[in-house]
Number of protein chains: 2
Amino acid sequence: MSGQGRSGGRPTLEEVAVRAGVGRGTVSRVINGSSKVSEHTRAVVEAAVAELGYVPNRAARALAANRTDAIALVIPEPEARFFAEPYFSDVVRGVGATLAETDVQLVLTLAGGERERRRLAQYLSGHRVDGVLLVSVHAGDPLPELLAELGIPAVISGRRSADETLPCVDSDNLAGAAGAVRHLLGRGRRAVATITGPLDVYGAQCRLDGYRQALAAAGHPVDELLIAPGDFTEEGGRRAMRELLERRPALDAVFAASDVMAAGARLELRAAGRRIPQDVALVGFDDSVVARHMDPPLTSVRQPIEEMGRTMARVLLERIAGGPADAAVVLPTELVVRESS
Amino acid sequence: MSGQGRSGGRPTLEEVAVRAGVGRGTVSRVINGSSKVSEHTRAVVEAAVAELGYVPNRAARALAANRTDAIALVIPEPEARFFAEPYFSDVVRGVGATLAETDVQLVLTLAGGERERRRLAQYLSGHRVDGVLLVSVHAGDPLPELLAELGIPAVISGRRSADETLPCVDSDNLAGAAGAVRHLLGRGRRAVATITGPLDVYGAQCRLDGYRQALAAAGHPVDELLIAPGDFTEEGGRRAMRELLERRPALDAVFAASDVMAAGARLELRAAGRRIPQDVALVGFDDSVVARHMDPPLTSVRQPIEEMGRTMARVLLERIAGGPADAAVVLPTELVVRESS
DNA sequence: GACGCCGATGGGAGCGCTCCCACACTGTGG
DNA sequence: CCACAGTGTGGGAGCGCTCCCATCGGCGTC
């Protein structure tokens, strides 16, 4: 912080070299912690670095080394609203935690409409980041292919299908859903309904599969009329619940594939005079703020979002380094039992 | 996307120049949309750019021009949890919206513990960003001074005191709080209590001032025993509410300086057998997810967070450009009336 | 005692851009 | 007809680093 500057600017590698009485190459080696530098020289250089308060110039480094030491996190704007809550900040926190150990910076990119999407493509072709973190990509999204073409490493969360081509990090949607349903059955519920997410989203499909498997494993036949499609929105949840109550008035439990839909379902159940959990038990998915503050507090399946962020970043860094990285990581979920079930 | 590359890499300025049959300087001028280039030459160059799919190399540009075209958004990690909800993503969305028009990238920085803080200082001294967006800075934080010393433009949201030295963008905490209290009085409430935030946070102080002013303006004396200190946490809200009920059992309304504290207060009111809003009306601040999903839904003061983000970015860009920028922007809040009052 | 080898080091050659000075050229006024 | 602005334009000189090759001792070897 003391104003060292001989000529105004921050010190350069060259100046450190002069100060330490060595060559540029040597200082560079020390800075990059690499290869063969004698114990003594290293000490001298480090002293000079400290004295001058030298900090390498990122742009120069990027230019010379042809890497940016930056990765991008692409946020699909439109959805952002939905999973805004803890999701967004938790992912960022996780990613940040992994990156904190390194010298890699996190660039945030909002890719909403067609237009932003195009800009993003431009942006990425500019080779402005070493890698990309993708979150919740839709089936038809061209971005993954573009990245592959450009040879930019990428990691995805929320795989697009069972055979995702990109390395991906997901939570165990199937097991989480199955656990929730098992929990309901375990509490003596007989007619367990489910409100699904949009089934073209792979994760939503998995949750439905989990529902089916849990039922099957318990020897219950699956009643298709107990399955209602939702779309991850509150309104969608209400609609689905209404439908279910009409078709199967005797249901005594509902597993909603998201907390927000559960919130919608709750309103509808109230309106129909059903008490939660006495008449109908309700379980959600995500363990979001909504779940904790619902009345009654909602039992929900928690995803380790922050850890997913950490893992995504780790896998991407490995990928960038060229090392062998996991192609798919699935992290366990956890059922958080509250008063709604 | 077609593999132009003569030698593999992406095309450079030089190559565009050759293709267009002009000099490097001219292409640079066209790219930067600047100064005097003849109509004809511009067209030729633009054609060459399009044909080659040229995208400028950000690192080279940064090195040569000594600017990075990047700004940092510093997130104070520890608090992140609290105002995680919409706040974080809304700010980012706003900032992103402003930045979308430009070629500036958003770098996210988590500055939590002492250690990260130090890293951040290092980072910023590396001149790695053109400007910094600060959110919710504590009174004793050294960061603003560091930035001033380094001559890095910064904009703050959540000013530290009435005479903030940095340009800042805030919502009108005082008016928002006053409006909430006026609303309660307007509904015939007589004994309006308040749960404050930590008073060393300027915004929290403003909300308390707003409470006082509204009372005063309505000709009510301020009863100091109706004021209980909180800390923006749910537990703090509970504690404060307990205190209030003990001291002033006859209170019939509570203005909490945050939704989360209101959530805590609600639990305590329930436990004490008070009905909301029949016995006690409750109003929060932030209009977070919690407010919408509380039972009953919470009346709350909404801050235009996304717009704050947009404005912060705009002011910072002006600052960076060297133009005259607003020193302080205060955006209006809005009372969202729901069933709790 | 000359040779070869290896770890440690110095420094040239860029990386792709911006900046800016110098150099046409075209007009205009004296 | 020449001097003199005023436009456009070309291209040299870096920006601060990394890469890599040449160099230099010191030491074991035949």
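It should be emphasised that the depicted structure is a prediction, and the values quoted were computed from it without experimental measurement. In what follows, chains carry the letters A, B, and so on, assigned in the order in which the sequence lines appear, proteins first and then strands, with residues in each chain numbered from 1.
- A close approach under 4.0 Å does occur between a side-chain nitrogen or oxygen of Thr41(A) and OP1 or OP2 of dT9(C).
- Residues satisfying the salt bridge (charged side-chain N to carboxylate O under 4.0 Å, His left out) criterion with Glu14(B), sequence neighbours excluded, are absent altogether.
- Extent of DNA chain D lying under 4.0 Å from chain B heavy atoms, first and last nucleotide in 5' to 3' order, is dG8(D) to dG16(D).
- In this structure, Arg24(A) has no salt bridge (charged side-chain N to carboxylate O under 4.0 Å, His left out) partners at least two apart in sequence or on a different chain.
- No contact: Asn66(B) has no heavy atom under 4.0 Å from any strand.
- Atom C1' of nucleotide dG10(C) and atom CZ of Arg19(A) are separated by 21 Å, given to the nearest angstrom.
- Base engagement by Arg24(A) is indicated by at least one non-hydrogen atom pair under 4.0 Å involving a base atom.
- Per the geometry, CD belonging to Glu14(A) stands 9 Å off P belonging to dG11(C), to the nearest Å.
- Judged as a side chain to side chain donor-acceptor pair (under 3.5 Å), and not counting sequence neighbours, the contacts of Ser38(A) are Thr41(A).
- Applying the salt bridge (charged side-chain N to carboxylate O under 4.0 Å, His left out) rule to Glu307(B) yields no partners; only residues at least two apart in sequence or on another chain are considered.
- Not a single salt bridge (charged side-chain N to carboxylate O under 4.0 Å, His left out) links Glu46(B) to another residue, sequence neighbours left out.
- DNA chain D is contacted by both Ala64(B) and Gly25(B); Gly25(B) maps to the nucleotide lying nearer its 5′ end (nearest heavy atom per residue).
- Environment of CD in Glu39(A): sparse, with no more than 12 heavy atoms of neighbouring residues, nucleotides or ligands closer than 6.0 Å.
- Each end of the helix from dG1(C)-dC30(D) to dG30(C)-dC1(D) gets its own axis, taken as the rotation carrying the C1' atoms of four end pairs onto the next four within a five-pair window, and the two axes meet at 60° to the nearest 10 degrees.
- For dG10(C), one of the phosphate oxygens OP1 or OP2 lies less than 4.0 angstrom from a side-chain nitrogen or oxygen of Thr26(A).
- Residues in residues 100-113 of chain B take part in these salt bridge (Lys or Arg N to Asp or Glu O under 4.0 Å) pairs, two or more places apart or across chains: Arg128(A)-Asp103(B), Arg58(B)-Asp103(B), Arg61(B)-Asp103(B).
- With sequence neighbours left out, the side chain to side chain donor-acceptor pair (under 3.5 Å) criterion links Asn66(B) to no other residue.
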